[in-house]
S.K.: 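One structure is given below, represented as structure tokens, and several questions about it will come after.
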Amino acid sequence: MIKKIWQKIFETSPATQAKSHELRVLARDQHHVSRTQISKNALKVLYRLNSENFEAYLVGGGVRDILLGLSPKDFDIATNATPEQVGKIFRNSRLIGRRFRLAHILFGREVIEVATFRASHQESSSNHAQTSTHGLLVRDNVYGNLEEDAFRRDFTVNALYYCAKDLTILDYTGGLEDLEKRQLRLIGDPVTRYQEDPVRILRAIRLASKLELTIEKATAAPIPQLASMLEHVSSARLWDECNKLLLAGHAQKTWLQLMDMTVAEHLFQQTTTQLNQSENAENFHLFVNKALESTDKRIAQNKPVTPAFLFAVFLWEPLHALTQQLISKGLVPYEANQKAAARVLDIQRKTIAMPKRFSIVVREIWNLQSRLVHPKKRGIESLLQHPRFRAAYDFLCLRAHESENLETQAAWWTKIQDVPYEAQQKMIRELSPTSPKRKHSKTRKKRNTGKYAKRKTDPKAS
Ligand code: ATP
Ligand code: MG
């Protein structure tokens, strides 16, 4: 009992520490968030909840991004209605999540996420919150009020609430000031907050890269030390988070941060081992970097991207290292390569649960490489029609960039896609049984022989 009282007095829970900040309210004429920037569906949900006498606010990325002059990716709503009450009000809703129960309201392809106000779990003794032996919050369903909800959010800039009734913005944690300073700051004690949920490490890196914010000193400092806690996060959740990290249009910058803060090794251990140790490390660095750069470019141009492509890149050097190892143990190259591919993917999936439909694509990209490097006359047309041809070709082009001496092959494949059908057929007919590169040198040799022969037999020829 006495121990508990002492704990209550001296405990510096994230909430109690951070609550020193005063509530700041911005009236409509003190901010530039206008209803025209908010999705109509999000507004509908806010109005409807308000009309049912529930509190409801726009929060998170929706408010933060508009204040930063960006257009939000999605809109999140916080309310005092429970998920079940939300479910009853909106017929187009479904309840999701165990660790964190939420309502999704569906408007065609748009999903509005509605979360019930939560309290910090330290302030409750109920069994609606649960921590694992590592301090991870495995259940977070303790409902609270608006103020409590603000303090259990991750970063101050993510805890700004927009009220559709009086058009004010409420700031309990100093998010407005941090936005002005363009910094990302965790609410409360950073170590405790990362321990509760190590995914906040990835969110810090992702949001800082995406929004061009600096991670505030105390928020950044524990990251390298605590990054190993990511190993306790479920591999399914890490798959989702990695997709957000790498397919949001800022992969190159994000990857650099992941490497700098020694986080990457807890997600892509095989990749970082090769990047740090292998003889080919420098080329592999360039290869990875080029792939990330081209992913960002494709996203900027609204072209489709698949995470499988990046995984194929990340695991390319590990695949080679293991193949070589298996060959040295006596396996024939093909068998060694196939075994290595399966094993490398299995190891990666233990950390990041890439679904089968993507790992199949990774293997297809890898397997098509030898057919692209050593094309055979009979296989060209079917290869051009292969559903994974384009990805495998892009992969080859990236390899060609990084000193693998594959420029000729890549150029041949670029050309054959560009020329009309007749010319394609001609290219195929002219293809020697070996690779385009070998073919060119043979042609040159042949031509020389021809000229030489001509000169020899016909003195007038030159
Ligand atoms: P994005 O632009 O990627 O959607 P976001 O900040 O809106 O960024 P969401 O995943 O949509 O990210 O989360 C919505 C809000 O929920 C966040 O802004 C934050 O307030 C809260 N949140 C999300 N994940 C966490 C977490 N792990 N811990 C605490 N709060 C979180
Ligand atoms: Mg969001």
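Remember, predicted model here, so these are calculated numbers, not experimental data. Side chains are part of it too, since the values below use all heavy atoms of this structure and drop only hydrogens, waters and symmetry mates.
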S.K.: Assess the residue pair Lys181 and Glu177 against the criterion (salt bridge (charged side-chain N to carboxylate O under 4.0 Å, His left out)); give the C-alpha distance rounded to whole Å, side-chain angles, the decisive distance to 0.1 Å, and a yes or no.
M.R.: CA-CA 6 Å; Lys181 291 187 191 158; Glu177 203 182 310; 3.5 Å; yes

S.K.: Just how far is it from atom CG of Leu146 to atom CZ of Phe117, taken to the nearest 0.5 Å?
M.R.: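 Separation between the atoms: 4.5 Å.
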
S.K.: Restricting to salt bridge (charged side-chain N to carboxylate O under 4.0 Å, His left out), what partner residues turn up for Lys40, sequence neighbours left out?
M.R.: none

S.K.: Nearest 0.5 Å, what's the CG-CD1 distance between Leu43 and Ile38?
M.R.: 5.0 Å

S.K.: Which residues pass the ring pair (Phe, Tyr, Trp, His ring centres under 6.0 Å) test with Phe155, not counting sequence neighbours?
M.R.: none

S.K.: Can you name the residues that form a ring pair (Phe, Tyr, Trp, His ring centres under 6.0 Å) with His320, not counting sequence neighbours?
M.R.: Trp316

S.K.: So, for Phe395 and Phe287, is the gap between ring centers shorter than 6.0 Å?
M.R.: yes

S.K.: Given 3.5 Å as the limit, does a donor-acceptor pair link the side chain of Glu110 with the main chain of Phe107, or not?
M.R.: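 Checking the backbone N and O of Phe107 against the side chain of Glu110, no donor-acceptor pair under 3.5 Å is found.
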
S.K.: Would you list the atom pairs, donor with acceptor, under 3.5 Å between side chains in residues 303-314 and any protein atom, with sequence neighbours excluded?
M.R.:
from: Lys303; atom 1: NZ; to: Gln301; atom 2: OE1; distance (Å): 3.2
from: Thr306; atom 1: OG1; to: Ala308; atom 2: N; distance (Å): 3.0

S.K.: Counting distance only, does the side-chain N/O of Thr219 pair as donor-acceptor with the main-chain N or O of Ile215 below 3.5 Å?
M.R.: no

S.K.: Excluding sequence neighbours, so at least two apart, what forms side chain to side chain donor-acceptor pair (under 3.5 Å) with Gln417?
M.R.: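 Partners of Gln417 under the side chain to side chain donor-acceptor pair (under 3.5 Å) test: Arg390.
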
S.K.: Quick check against the 3.5 Å criterion: does Asn289 have a side-chain atom that pairs as donor or acceptor with the backbone of His285?
M.R.: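 Absent.
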
S.K.: Not counting sequence neighbours, which residues clear salt bridge (charged side-chain N to carboxylate O under 4.0 Å, His left out) with Glu212? List them please.
M.R.: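 Once residues adjacent in sequence are excluded, the partners of Glu212 under the salt bridge (charged side-chain N to carboxylate O under 4.0 Å, His left out) criterion are Lys253.
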
S.K.: Measuring from atom CZ of Arg153 to atom CZ of Arg193, what distance do you get when rounded to the nearest 0.5 angstrom?
M.R.: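 Answer rounded to 0.5 Å: 11.0 Å.
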
S.K.: Could you tell me whether a side-chain N or O of Asp171 sits under 3.5 Å from a main-chain N or O of Gly175, the two making a donor and an acceptor?
M.R.: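 Yes, because the side chain of Asp171 sits within donor-acceptor range (under 3.5 Å) of the backbone of Gly175.
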
S.K.: Which residue pairs pass the salt bridge (charged side-chain N to carboxylate O under 4.0 Å, His left out) test with at least one member in residues 78-90, sequence neighbours excluded?
M.R.: Glu84-Arg101

S.K.: To the nearest 0.5 Å, what is the distance between CD on Gln270 and CG on Leu315?
M.R.: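 Answer rounded to 0.5 Å: 6.0 Å.
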
S.K.: Scan for side chain to side chain donor-acceptor pair (under 3.5 Å) pairs involving residues 237-251, sequence neighbours excluded, and state none if there are none.
M.R.: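 Every side chain to side chain donor-acceptor pair (under 3.5 Å) pair that includes a residue of residues 237-251, provided the two are not neighbours, is Asp197-Arg237.
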
S.K.: Ion pair present between Arg203 and Asp154, side-chain N to carboxylate O less than 4.0 angstrom?
M.R.: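 Salt bridge: yes.
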
S.K.: So which pairs with a foot in residues 353-366 pass side chain to side chain donor-acceptor pair (under 3.5 Å), sequence neighbours left out?
M.R.: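 For residues 353-366, and leaving out neighbouring residues, the side chain to side chain donor-acceptor pair (under 3.5 Å) pairs sorted by first residue read Gln338-Arg363, Arg349-Ser359, Glu364-Arg388.
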
S.K.: Answer whether the closest heavy-atom distance between the side chains of Leu331 and Ile327 falls below 4.5 Å.
M.R.: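 With C-beta onward as the side chain, the pair stays apart.
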
S.K.: What's the separation between atom NZ in Lys297 and atom CG in Leu292, rounded to the nearest 0.5 Å?
M.R.: 12.5 Å

S.K.: State, with a plain yes or no, whether a side-chain heavy atom of Arg94 is found less than 4.5 Å away from one of Leu106.
M.R.: yes

S.K.: Check salt bridge (charged side-chain N to carboxylate O under 4.0 Å, His left out) between Glu52 and all other residues, then give those that pass, not counting sequence neighbours.
M.R.: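 Per chain and number, Glu52 pairs via salt bridge (charged side-chain N to carboxylate O under 4.0 Å, His left out) with Arg48.
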
S.K.: Are any of the side-chain heavy atoms of Thr116 and Asp149 separated by less than 4.5 Å?
M.R.: no

S.K.: Extract all donor-acceptor atom pairs below 3.5 Å that involve side chains of residues 54-67 and protein atoms in other chains or at least two apart in sequence.
M.R.:
from: Arg64; atom 1: NH1; to: Asn158; atom 2: OD1; distance (Å): 2.7

S.K.: The test is side-chain hydrogen bond (donor to acceptor under 3.5 Å, both in side chains); show your working for Ser39 and Asn41 and say whether it passes.
M.R.: CA-CA 5 Å; Ser39 124; Asn41 295 323; 4.7 Å; no

S.K.: Please list, one pair per line, the donor and acceptor atoms closer than 3.5 Å that link side chains of residues 256-264 to other protein atoms, with sequence neighbours excluded.
M.R.:
none

S.K.: Nearest 0.5 Å please: distance from the OG1 atom of Thr351 over to the CD atom of Glu265.
M.R.: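 Interatomic distance, Thr351 OG1 to Glu265 CD, rounded to 0.5 Å: 12.0 Å.
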
